[in-house]
Participant: 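I'd like to ask some things about the structure below.
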Amino acid sequence: MIVFYGCPDDPPLTLAADAARAAGLRHLVVDQTRLARYDFVGGAGLAGYLLAEGQRLALDGITAVYARPLEPPAPGGDTAARARTAAFHRWFTEWLDVARAFVVNRPRAMESNGSKPYQAQLIARAGFPVPETLVTDDPAEVRAFHAEHGRLVYKSTSGIRSIVREFTAADESRLHLVRGLPTQFQAYVPGRDVRVHVVGDRAFAAAVDCPAVDYRYAERDGLRAELTAYELPPGIEKRAVALAAELGLPLAGIDLRERPDGDWVCFEVNPMPAYSYYESHTGLPIASAIVDLLAGAPAALEV
């Protein structure tokens, strides 16, 4: 039995669940908007069962889970329902870390994305160059870094999504604000963005042609991003798959940039990638690959 855990309006989750349905696979969607109606009952060791959507499912009968543990919406006005929702979400996500089932991805494996500077060290250790980086709350250090590298971008240091922006003269005038919020600055890397989705030992790459610094928000600047399926050089593909495995991520969205000189740089690894955006623009069969990975999971795995 494959379990999908997440919200019904989350395209990556629903796309994978639809692929499982099309493949005729036995599966259950645990809807985060209905958690107050479910029960998660633990037993001795890892025994227990899940009551959801009219089914009683033994935990040891779950072979694989695709989890996008978005914070569930709280039921309005009902204290008991809010408490049940919060408790179920906490218990279930804790179980994901210890379950014998194959989990895409275990919460503990996703923690490296909570600190971008820390994750960058892991990326470099795995063999990918990373941009020259400064994390600071000192305006003088930013000015010196700017003088050394010229063109800079800045972004959040945490796993919370932020818009990557280029450092401009306007930013220079408000540098004093970093004293209240340490910020990550990086040397600008020229080249072409390539998003790689690693699914198990497979890699699906999409090249992105866009003049925006952060193509995800190109439309806000009146620009467009053009995405096309891309064939990675074998060495880069092998390195991307190895990086995801090193981080313990069966599914990962890896942000690369191919420099004009042919070298490659890695910016970060997203452990809960919104792959549906790339699939819809390129036709890459990422959802089907995720379902194939889940379907091929053994009944019990070492944790």
Side-chain angles (χ1 to χ4, degrees), residues 1-8 10 12-35 37-72 84-113 197-202 241 244-253 269-273 275 286-303:
M1 169 69 83
I2 299 172
V3 169
F4 295 90
Y5 183 63
C7 292
D10 182 34
L13 187 96
T14 56
L15 198 61
D18 288 346
R21 188 175 302 109
L25 297 172
R26 188 165 172 255
H27 67 283
L28 173 67
V29 177
V30 178
D31 180 350
Q32 284 187 294
T33 67
R34 295 167 56 86
L35 297 188
R37 306 182 186 186
Y38 301 159
D39 275 312
F40 186 81
V41 182
L46 295 178
Y49 58 88
L50 176 67
L51 290 173
E53 304 301 335
Q55 298 187 49
R56 175 175 169 145
L57 180 60
L59 297 181
D60 59 10
I62 299 173
T63 58
V65 182
Y66 176 40
R68 287 189 49 91
L70 307 176
E71 197 64 33
R84 285 178 61 87
T85 294
F88 186 101
H89 182 68
R90 182 178 69 254
W91 293 335
F92 191 82
T93 52
E94 288 176 353
W95 174 77
L96 291 175
D97 262 339
V98 298
R100 292 194 178 96
F102 177 73
V103 179
V104 179
N105 291 309
R106 293 191 190 275
R108 66 171 183 251
M110 295 194 283
E111 289 178 354
S112 69
N113 192 52
H197 288 94
V198 173
V199 184
D201 60 0
R202 303 168 69 185
V241 171
E246 180 71 20
L247 295 176
L249 299 172
L251 170 65
V269 181
N270 188 327
M272 199 163 62
Y275 71 86
I286 304 169
S288 294
I290 293 170
V291 170
D292 288 345
L293 184 66
L294 296 168
L301 298 171
E302 291 296 328
V303 178

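Along the sequence shown, the residues carry numbers beginning at 1.
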Participant: Please lay out, stage by stage, how V3 and F92 fare under the test side chain to side chain contact (heavy atoms under 4.5 Å, CB included).
Facilitator: CA-CA 12 Å; V3 169; F92 191 82; 4.2 Å; yes
Participant: Say whether, by atom type as modelled, one donor and one acceptor occur between the side chain of R68 and the main chain of M272 under 3.5 angstrom.
Facilitator: yes
Participant: Donor-acceptor pair, distance only, cut-off 3.5 Å: does the side chain of D97 make one with the backbone of R108?
Facilitator: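 Indeed, once roles are kept as given, a pair shorter than 3.5 Å links the two residues.
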Participant: Is the backbone N or O of V41 less than 3.5 Å from a side-chain atom of D39, with the two atoms forming a donor-acceptor pair by type?
Facilitator: no
Participant: Working to the nearest 0.5 angstrom, can you tell me the gap between D10 CG and D31 CG?
Facilitator: 11.0 Å
Participant: Considering non-hydrogen atoms only, spot the tightest contact between V98 and R106 and give its length.
Facilitator: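 Answer, listing the atom of V98 first, then R106: N-NH1, 4.0 Å.
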Participant: In Å and rounded to the nearest 0.5 Å, what is the OG to CG distance from S288 to D18?
Facilitator: 10.5 Å
Participant: Can you name the side chain to side chain contact (heavy atoms under 4.5 Å, CB included) partners of T14, sequence neighbours left out?
Facilitator: none
Participant: Could you pull out the closest heavy-atom pair between T93 and P69, with the gap in Å?
Facilitator: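 Residues T93 and P69, closest heavy atoms: CG2-CB, 3.9 Å.
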Participant: Run the ring-ring contact (aromatic ring centres under 6.0 Å, His included) test against F4 and tell me which residues pass, sequence neighbours left out.
Facilitator: H27
Participant: Is there a donor-acceptor contact under 3.5 Å from the side chain of Y275 to the main chain of P12?
Facilitator: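 Between the backbone of P12 and the side chain of Y275 there is a qualifying donor-acceptor contact (under 3.5 Å).
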Participant: Looking at every non-hydrogen atom in both residues, tell me the closest pair between A64 and A101 and how far apart they are.
Facilitator: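 It is N-CB, 4.0 Å.
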Participant: Locate the shortest heavy-atom distance separating G248 from A109; write the atom from each residue and the value.
Facilitator: O-CB, 3.4 Å
Participant: For P271, does its backbone N or O pair with a side-chain atom of N105 as donor and acceptor, under 3.5 Å?
Facilitator: yes
Participant: Determine the minimum heavy-atom distance between V104 and P250, stating which atoms define it.
Facilitator: CG2-CB, 4.0 Å
Participant: Counting C-beta onward and ignoring hydrogens, is there a side-chain heavy-atom pair between W95 and I62 closer than 4.5 Å?
Facilitator: yes
Participant: Pair V198, L249 - check side chain to side chain contact (heavy atoms under 4.5 Å, CB included), show working.
Facilitator: CA-CA 9 Å; V198 173; L249 299 172; over 6 Å; no
Participant: Cut-off 3.5 Å, no hydrogens considered: what does the side-chain donor-acceptor table look like for residues 46-54, sequence neighbours left out?
Facilitator:
unit_1, atom_1, unit_2, atom_2, d
E53, OE2, R34, NE, 3.0
E53, OE2, Y38, OH, 2.2

Participant: Kindly determine whether I2 and Y66 satisfy side chain to side chain contact (heavy atoms under 4.5 Å, CB included), including the steps that lead there.
Facilitator: CA-CA 8 Å; I2 299 172; Y66 176 40; 5.7 Å; no
Participant: Counting only heavy atoms from other residues, nucleotides and ligands, does the tally under 6.0 Å from CZ of R84 exceed 12?
Facilitator: yes
Participant: With rounding to the nearest 0.5 angstrom, report the CG to CE distance, L96 to M110.
Facilitator: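 Between atom CG of L96 and atom CE of M110 there are 8.0 Å.
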Participant: Students often mix this up, so state it plainly: with edges at 30° and 60°, are the rings of Y5 and F88 parallel, tilted or perpendicular?
Facilitator: tilted
Participant: Where do L251 and I290 come nearest, in terms of heavy atoms and distance?
Facilitator: CD2-CD1, 3.9 Å
